[in-house]
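Below: the structure, in structure tokens.
Chain A is the first sequence line, chain B the second, and so forth, proteins listed ahead of strands; every chain is numbered from 1.
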Number of protein chains: 2
Amino acid sequence: MNHFFQHLNKFVSVTDQEFQEISTYFEVLSLDKKECVMLAGNHCDTNYFVLSGCLHMFFTDERGVDRTVQFAIENWWLTDAQALYHQKVTDFNIQAVENSEILVIKSDKERALLARFPKLEIYFRSIYQIAYGAALKRMQYIFSYSKEEIFFRFREEFPEFVNRVPQYLIATFLGLTPEYLSKIRAK
Amino acid sequence: MNHFFQHLNKFVSVTDQEFQEISTYFEVLSLDKKECVMLAGNHCDTNYFVLSGCLHMFFTDERGVDRTVQFAIENWWLTDAQALYHQKVTDFNIQAVENSEILVIKSDKERALLARFPKLEIYFRSIYQIAYGAALKRMQYIFSYSKEEIFFRFREEFPEFVNRVPQYLIATFLGLTPEYLSKIRAK
DNA sequence: TGATTTTCTTAAACTAGATTAATTTTTTTG
DNA sequence: CAAAAAAATTAATCTAGTTTAAGAAAATCA
């Protein structure tokens with residue numbers, strides 16, 4: 001919970017007292033590795049914040065292969081932003097990569113929270129702006145470089161990450177097969 | 001300008017009087033086809049809103065090929081969100097695909113605007129949330145389908161768009177070569 | 001500790017899509 | 001309208017990365 005308080009305060013000023021009230025809008029949840037919090041086919045009305053551990057959001061493609069579209073480690077928010085915004089059914093799953101502690105907030109609570117503390121709009125605007133910028137950067141990588149280069153640049157930039165997460169998840173996140181990733185690493 | 005007023009009012013309530021004041025933060029700019037408003041290598045401190053026409057944001061990859069990462073038509077915002085947020089140099093260009101009318105706002109003005117009208121945080125949070133959601137959806141498409149399928153699905157979903165924008169721009173946006181796009185269309 | 005499950009590796013055959021290069025069609029412009 | 005520039009097509013060649021299939025290593029669990 002403390003992580004979240006600190007993260008909030010990077011973007012807006014929140015007093016201890018305010019945070020006391022803010023935290024009543026959330027639930028804390030402990031997840032075991034492989035446990036899921038969001039399932040394809042369900043209505044998406046929840047947003048998740050990672051206190052510790054690691055989650056990933058993935059979907060199952062037409063041939064039955066799981067593809068990770070987003071990882072989230074400490075201090076990251078994760079949800080199907082589109083489905084959440086439009087109150088639609090999602091076709092993504094969110095699953096714990098490691099044992100994790102997360103904050104959970106339903107979208108009606110989130111709306112109430114924002115109404116009660118308008119300055120948190122600034123916080124969420126920043127979060128989404130950063131996430132959107134990162135997504136465009138990722139597009140740029142995918143279009144710019146060969147798969148081999150994408151992997152090496154990714155490992156360069158996020159070494160802790162590559163050590164922490166199973167290789168085959170990294171592979172689908174970067175858009176290559178585990179076999180090919182294994183091959184290019186064997187140099 | 002009217003387009004912008006209507007777009008704002010889809011997300012927050014803004015009176016005519018308020019809008020009068022809001023509009024003083026913006027500049028209106030007319031662009032000829034092919035004209036650029038953002039250039040790789042420059043500091044990114046501006047955000048753009050398309051009133052009419054069409055822009056695209058692209059970068060030049062290592063081999064000198066231009067790659068579109070984002071289109072923007074009427075009622076879309078466009079900028080390098082990451083560079084804007086961190087006040088960094090951008091490596092994207094923004095160029096008019098057609099003759100266009102756009103709104104321009106510098107980031108210091110944008111900050112001032114948000115300070116003056118806090119409810120606009122809601123507007124921008126929504127904009128970025130939607131854009132982020134769309135970016136993840138696009139990742140999903142790119143990883144799910146063959147390039148051939150990506151094109152046909154894209155054309156299915158945005159037919160006006162495909163008719164309006166040169167094919168070779170669509171091609172780099174979808175991550176395939178103009179030659180291959182031409183080939184798969186020839187069926 | 002041994003058994004089971006999960007993750008990673010290796011190698012051969014195959015193909016979607018890139019590359020190259022030349023030509024045609026369409027659009028723009030003076 | 002003719003000339004130039006921009007956009008689209010075609011076809012042959014080539015390769016980065018996938019697929020398939022099987023085995024090895026590591027991690028988990030009872």
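Under 4.0 angstrom from either OP1 or OP2 of D:dT9 there lies at least one side-chain N or O belonging to B:R185. At the phosphate of D:dT18, neither OP1 nor OP2 sits under 4.0 Å from any side-chain N or O atom of A:R63. At the phosphate of D:dT9, OP1 or OP2 sits under 4.0 Å from a side-chain N or O atom of B:Q167. An OP1 or OP2 oxygen of C:dG17 is reached within less than 4.0 angstrom by no side-chain nitrogen or oxygen of B:T177.
Between the side chains of B:E110 and B:N47, at least one donor-acceptor pair of N or O atoms lies under 3.5 Å. A:T60 and A:D66 share a side-chain donor-acceptor pair at under 3.5 Å. For B:S52 and B:E74, the side-chain atoms include no donor-acceptor pair closer than 3.5 Å.
Atom NZ of A:K183 is separated from atom P of C:dA12 by 10 Å (rounded to the nearest Å). For the pair A:N99 CG and D:dA27 P, the computed distance is 16 Å after rounding to whole Å. Here the C1' atom of nucleotide C:dT10 and the NZ atom of A:K187 are 14 Å apart, to the nearest Å. In this structure, A:Y180 places its OH atom 13 Å from P of D:dT15, rounding to the nearest Å. Atom-to-atom, CZ of B:R67 to P of C:dA18 comes out at 8 Å; the value is rounded to the nearest Å. Following rounding to the nearest Å, A:K147 (NZ) and C:dT15 (C1') show an atom-to-atom distance of 14 Å. In this structure, the CG atom of B:N163 is 12 Å from the P atom of D:dA8, given to the nearest Å. The distance from atom CD1 of A:I170 to atom C1' of C:dT6 is 16 Å, rounded to the nearest whole Å.
Within 4.0 Å (heavy atoms only), A:L181 reaches no atom of the nucleic acid at all. Within the nucleic acid shown, A:S146 comes within 4.0 Å of sugar-phosphate atoms alone, with no base atom in reach, counting heavy atoms only. At a threshold of 4.0 angstrom between heavy atoms, the contacts of A:S182 include nucleobase atoms, whether or not backbone atoms are also involved. Residue-level contact check: A:Y168 touches the backbone only, with heavy atoms under 4.0 Å from sugar-phosphate atoms and none from bases.
Looking at heavy atoms from C-beta onward, B:I94 lies in side-chain contact with B:L78 at the 4.5 angstrom threshold. Two residues are said to be in side-chain contact when any heavy atoms from C-beta on lie closer than 4.5 Å; B:V12 and B:L120 meet this criterion.
When each of A:H56, A:R138, A:R67 is tested with A:F173 by the rule side-chain contact (heavy atoms from CB on, under 4.5 Å), just one qualifies, namely A:R138. A ring pair (Phe, Tyr, Trp, His ring centres under 6.0 Å) with B:F4 holds for exactly one of B:F11, B:F49, B:W76; it is B:F49. The only member of A:E149, A:E157, A:E156 that meets salt bridge (Lys or Arg N to Asp or Glu O under 4.0 Å) when paired with A:R153 is A:E149.
The overall bend of the helix from C:dT9-D:dA22 to C:dG30-D:dC1, read as the angle between its terminal helix axes built from five base pairs each, is 50° when rounded to 10 degrees.
Listed candidates were C:dA18, D:dT10, C:dA11. Nearest to the side chain of B:E179 is D:dT10. Picking from C:dT7, D:dT20, D:dA8 the nucleotide with the shortest atom distance to the side chain of A:P166 gives C:dT7.
Taking the nucleotide of DNA chain D with the nearest heavy atom to each of B:K34 and A:K33, the more 5' of the two is matched to B:K34.
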